[in-house]
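Scroll down for the structure; my scribbles are underneath it.
Protein chains get the first letters and strands the later ones, always in sequence-line order, with residue 1 at the start of each. All values derive from a computational prediction rather than experimental measurement.
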2 protein chains.
Amino acid sequence: MAATGTKTELGTRERLVRTASRLMQHGGYENTPVKQLVREAQATLGSLYHFFPGGKQELAVAAIHFGDEEFAALLRAGLAARPDPAEAVEAVTGLLAEALEASDWRDGCPVTATALETVGRLPDVQAACARAFAHWQELVAAKLLASGYPEQEARDLAVTVVNTLEGAEMTSQVTQSRTPLLTAGRHLARLVASYGP
Amino acid sequence: MAATGTKTELGTRERLVRTASRLMQHGGYENTPVKQLVREAQATLGSLYHFFPGGKQELAVAAIHFGDEEFAALLRAGLAARPDPAEAVEAVTGLLAEALEASDWRDGCPVTATALETVGRLPDVQAACARAFAHWQELVAAKLLASGYPEQEARDLAVTVVNTLEGAEMTSQVTQSRTPLLTAGRHLARLVASYGP
DNA sequence: GATTGGATAGAGCGTTCGTTCTAGTCCCGT
DNA sequence: ACGGGACTAGAACGAACGCTCTATCCAATC
């Protein structure tokens, strides 16, 4: 649980964003005090309000974007691991389970906790979370479309795939077990295959 | 968004628990200050610490239990609505979508937000959340077992069904649309049917 | 070498947090 | 009538919150 990035290799702004993303991934928005944030980012309050005049909220939006890209990278890697989309989705659950356990069940979805907490409270942050979900759905849909799935079925499946991944990751985290994610992987593979072209 | 229960028809303890459950459903644990809680429950700080010497944390555990039962009731109703388990699961998503929209997208799962926020921070609350998830899985598994599904497949399916419901409800909430839930319903029905005995 | 502006630094502001504490009210058994 | 436990009531407390503010540092530029 060291600071995210070393002071010499990343700019202050980037360290703030990465640290905020990691802390919000673990505890959401309200559980991430700005003072702890700047301490772990090896920055100061002055720097935070210099780069983010909008304060904690503006930083949170940037952090959600960062988490969005981070999760998207894992998703891309898993989806590219197998040509068959059903097997690819199952591969993603394997990657997620691995990363989750390796972090001692701390690194769940970098967006979910904040999304649920800020719904109807911080519209900017909520919008960033919604964008992240849509982004991930697009990645899954693209894989299905590339495999010859019909447009509508591909888009619908992508929604459910991402939703199930989110739910299973949360349950795996709360129960500290890979099982929910791996079970979701098997079931999603079966579901995706059942729509095969 | 009136107070949960009227002062004359419910005891103070019950009003506190219901109000806490509702507020935590909307914003999680940290977004629910005790003073607002007490005000909306038409109670006072003295009453809160009389009934819950463990303070906010102890009340939160009771609130999660209440939400657990509330969600379980909806789950039972949906599952009982149809004899066929696949159709029954789809019926549940319909009920969830209806309730969510009727609340102006506020009343999502009464446990998820708190679960993600307290993981690794408040073990008592986290344990209550884990118990709720297990409880819901049991209800789904019971329906499948009663319909003749093999033991292992019924239990595995129950895990994924509940996870997908959670994920879809969250996405429906964040995007303010019934679609994710209803799509999940169709897919879950297909998945459950594909394991039919 | 002086000037300048981006970046750093953290003390301190007003507010709100969860909790404690004392005082008071209510109601029931005797 | 009265004693006593259950419950109500909210002022007050220390800690922690997000944020503002002034001061300072340090390259780049003239």
Side-chain angles (χ1 to χ4, degrees), chain A residues 3-21 23-24 26-64 113-114 117-118 121-125, chain B residues 3-21 23-24 26-64 113-114 117-118 121-126 128:
Chain A
T4 307
T6 307
K7 194 159 186 178
T8 52
E9 70 194 18
L10 283 174
T12 302
R13 200 198 128 96
E14 190 66 14
R15 293 201 312 277
L16 284 168
V17 171
R18 293 188 185 216
T19 305
S21 176
L23 293 180
M24 284 165 58
H26 295 165
Y29 184 81
E30 289 294 334
N31 274 305
T32 305
V34 290
K35 276 174 181 160
Q36 177 193 352
L37 203 163
V38 298
R39 195 187 331 121
E40 295 199 17
Q42 297 182 254
T44 67
L45 282 173
S47 301
L48 195 165
Y49 286 92
H50 170 73
F51 289 111
F52 302 94
K56 189 186 183 185
Q57 213 175 120
E58 187 181 341
L59 172 57
V61 171
I64 291 294
T114 304
E117 193 184 12
T118 59
R121 287 168 197 265
L122 307 175
D124 295 353
V125 181
Chain B
T4 308
T6 309
K7 194 160 187 179
T8 53
E9 70 194 18
L10 283 174
T12 302
R13 198 197 129 98
E14 191 67 11
R15 292 201 311 278
L16 284 168
V17 171
R18 292 187 186 216
T19 305
S21 176
L23 294 179
M24 284 165 59
H26 296 164
Y29 183 82
E30 289 294 333
N31 275 304
T32 305
V34 290
K35 277 171 183 163
Q36 177 193 352
L37 201 164
V38 155
R39 193 186 334 121
E40 295 200 16
Q42 296 183 256
T44 66
L45 285 171
S47 304
L48 196 165
Y49 286 93
H50 170 74
F51 288 111
F52 303 94
K56 189 185 183 184
Q57 212 175 124
E58 186 180 340
L59 172 58
V61 171
I64 290 295
T114 305
E117 194 185 13
T118 59
R121 287 168 198 265
L122 307 175
D124 295 353
V125 182
Q126 179 183 356

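One interatomic measurement links the two molecules: NZ of B:Lys35 to C1' of C:dG18, which rounds to 8 Å at whole-angstrom precision. Here the P atom of nucleotide C:dG18 and the CG atom of A:Asn31 are 12 Å apart, to the nearest Å. Distance, B:Leu37 CG to C:dT16 C1': 15 Å, rounded to whole Å. Rounded to whole Å, the distance from CZ on B:Arg13 to P on D:dA6 is 15 Å. Taking atom CD on A:Glu30 and atom C1' on C:dG18, their separation rounds to 15 Å, with Å as the unit. One atom, CG of B:Leu16, and another, P of C:dT19, lie 13 Å apart when rounded to the nearest Å. Atom C1' of nucleotide D:dA9 and atom CZ of B:Arg15 are separated by 13 Å, given to the nearest angstrom. In this structure, the CD atom of B:Gln36 is 16 Å from the C1' atom of C:dT15, given to the nearest Å.
The side chain of B:Val34 has C:dG18 as its nearest neighbour among D:dT8, D:dT20, C:dG18. When the nucleotides D:dG10, D:dC19, D:dC17 are ranked by their closest atom to the side chain of A:Leu45, D:dC19 comes out on top.
Residue pairs that meet the side chain to side chain donor-acceptor pair (under 3.5 Å) test with at least one member in residues 46-55 of chain B, sequence neighbours left out, are B:Thr44-B:Ser47.
Shown for residues 47-63 of chain A: residues whose heavy atoms fall under 4.0 angstrom of DNA chain C, namely A:Ser47, A:His50, A:Phe51.
Annotation: side chain of A:His26 is not in contact with side chain of A:Asn31 (no heavy-atom distance under 4.5 Å).
Residues forming a side-chain hydrogen bond (donor to acceptor under 3.5 Å, both in side chains) with B:Gln36 (at least two apart in sequence, or on another chain): B:Glu40. Applying the side-chain contact (heavy atoms from CB on, under 4.5 Å) criterion to B:Thr118, with sequence neighbours excluded, gives B:Tyr29, B:Thr114, B:Leu122, B:Val125, B:Gln126. Residues forming a side-chain contact (heavy atoms from CB on, under 4.5 Å) with B:Ala113 (at least two apart in sequence, or on another chain): A:Leu116.
Contact record, B:Gln42 with B:Arg15: O-NH2, 2.9 Å, taken as the closest heavy-atom pair.
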